[in-house]
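Down below is the structure, laid out as structure tokens.
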Amino acid sequence: MKNLDSVRCGVRYAAVPLTLAALAGCSEGRTKRPNIIVMMTDDHTTQAMSCYGSLLVETPNLDRLAREGMLFESCYVPNAISGPSRACILTGKYSHVNGFTDNSRTFDGDQQTFPKLLHDAGYQTAMIGKWHLNSDPQGFDFWSILVGQGEYYSPLFVENGEERTEPGYVTDIITDKAIGFLERRDKSRPFAMLYYHKAPHRNWMPAQRHLGVNDDRVFPEPFNLLDDYSGRGSAARGQAMEIGRDMWPEWDLKLMTPEQLAQSYELETSGDANKDDVSRANDWRSSVMQYQAAYNRMTPEERANWDRAYAPRIAEYERMKGRVSQEELTRWKYQQYMKDYCAVIKGVDENVGRLLDYLEEIGELDNTIIVYTSDQGFFLGEHGWFDKRFMYEECQRTPLLVRYPKAVAAGVRTRALAMNIDLAPTFVDMAGLEVPADMQGRSLKDVLTSGGKTPEAWRTGVYYHYYEYPSWHSVKRHYGIRTNDYKLIHFYNDVDEWELYDLKKDPHEMCNVYNDPEYAAVRSDMHARLEKLQQECGDTDPCEREYEFFRGADQL
Ligand code: SGN
Ligand code: CA
């Protein structure tokens, strides 16, 4: 295989510029193409990464990637939700083209993806962790995926088609499997591995060693934790993702005693209950039952540690209930949310460090393009919210770090507008293959080698389109454009509302200036840019597209 690789390399690079040859590791005396590792987490946002300036949590191993590689300040997703984002990354295409518009879809695995292209070109490919595309992975020599959302403890995997429950904590297990694949691989060929974590997805369950690590911490609150949504429209007001109102005490905040966890519960609604009562009862049942199921996956010893760790929180809640204002309760819930979320991030960071150390040990660290990203950002209390979905900064923006010392200078930050659909063409390009014309993202090679300057003729706006409504968290369908300075959003379906934000003056998107006469020129310019982007990407009838009836939240 080594020979074949060098033949491929030699032929492919005979007539291409030096930079490209260097990128693919084919410079003099070398015949190796770069390995590729995509590290992706689920719902890890830049506000919880110290290299992005977070005050919430230290992430030394992710900071190392930033220090030794490039940090993207402005990477955006086209559709801020799990399955759609994953499909965008695999295909390099927008949701309306790859067909996976919301989490209820089934990914058409027969279509072109970057792992398939790399596999066909001789790479060994692996997919490990959260897949969430409702069809079996294709194009991988080895795959071991969580079922659906996956579990934190004793998670169930499907490995090359066979189910297996693995004891332990999900972030550690995914890393063990990744290292196992690297140990077993054919060392004469390059590899491309998708290393996709469940963490820090809801309900933010920390590893045993991180239980209680944040007990004494008081987390800084975002200034708009108690946002009242004035200055915005019905979409911001109509959502169901407020920490104060919508967070589930049992599932999200772990407010159940061991005795309550051991009981069995019935749905407590009488026949004449109204719609709101039924919906509240359903929420309560989901919260209790999901928590019981997750808790029962732990061993008796793990459960005992868990009980000890959460007992003080439960006692505090009991003391507070009915005695404090709504505002105080929201602020308290925010603190508990951050304690768990940041403890889960510690598990991610440690495991990223473990994988980096292993790569160093086997001498592959510098031969490997290492990307760290998330399927989208997340709200950590901004606007009073958890979850994502909105085209607002906290979740449209996603982390992106790239380490590859052979081509990417260390410690550089770029403001170039990047998108996750750029990853597929970037990998294909950096492996020395032709980027297929139907990929809609752009190779980031020129950005990566630019020393932080945005290349000439780079994109000036990013497109967004979110479809999953009605569904979890009630975020209305919307599409829009973000440029360096402004954001224009159209909420549609059961509303018809436009929002325009001046990101320089209002980076936290608190004040919609769409109807402000001072912005008339900006507004028409943004409309023109939006239409142009829609033409380019083929989303020309965004509100009218045929839309199958949403299958319901159970499958998500
Ligand atoms: C689950 C969560 C939601 C979350 C979706 C989508 N509820 O349904 O809060 O928005 O996943 O998340 S839970 O009760 O099951 O925790 S995504 O990242 O997979 O898109
Ligand atoms: Ca996600």
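Counting begins at 1 with the first residue of the sequence. Numbering of ligands and ligand atoms starts at 1, following listing order.
The shortest heavy-atom distance from Trp248 to ligand 1 is under 4.0 Å. Residue contacts with ligand 1: Asn103 is included, with a non-hydrogen atom under 4.0 Å away. Using a 4.0 Å cutoff on heavy atoms, Lys130 counts as a contact of ligand 1. The shell of residues lying under 4.0 angstrom from ligand 1, judged by heavy atoms, includes Lys388.
Taking Tyr291 as the reference, nothing meets the ring pair (Phe, Tyr, Trp, His ring centres under 6.0 Å) condition, with sequence neighbours excluded.
The Ca ion (ligand 2) has Asp42 OD1, Asp43 OD1, Asp375 OD1, Asp375 OD2, Gln376 OE1 as protein N, O or S atoms under 3.0 Å away.
At most 12 heavy atoms of other shown residues, nucleotides or ligands fall within 6.0 angstrom of atom CD in Glu162. The number of heavy-atom neighbours closer than 6.0 Å to CD of Glu327, taken from other residues, nucleotides and ligands shown, is 12 or below.
Both the sub-6.0 Å distance and the 45° axial angle are satisfied by Lys177 relative to the ring of Phe157.
Looking at Asp340 and Tyr310, their side chains do bring a donor and an acceptor atom within 3.5 Å of each other. With no hydrogens or angles considered, a side-chain donor-acceptor pair links Arg313 and Gln336 at under 3.5 Å.
Ring-plane geometry between Phe390 and Phe491 is classed as perpendicular, the angle between the planes exceeding 60 degrees on a 0 to 90 degree scale with a lower cut at 30.
Per-residue contacts place Trp251 under 4.0 angstrom from the following atoms of ligand 1 (heavy atoms of the residue considered): 13 (S), 14 (O), 16 (O).
The nearest non-hydrogen atom to atom 5 (C) of ligand 1, considering only Gln376, Arg389, Met241, comes from Arg389.
Aromatic ring centres of Tyr337 and Phe219: separated by at least 6.0 Å.
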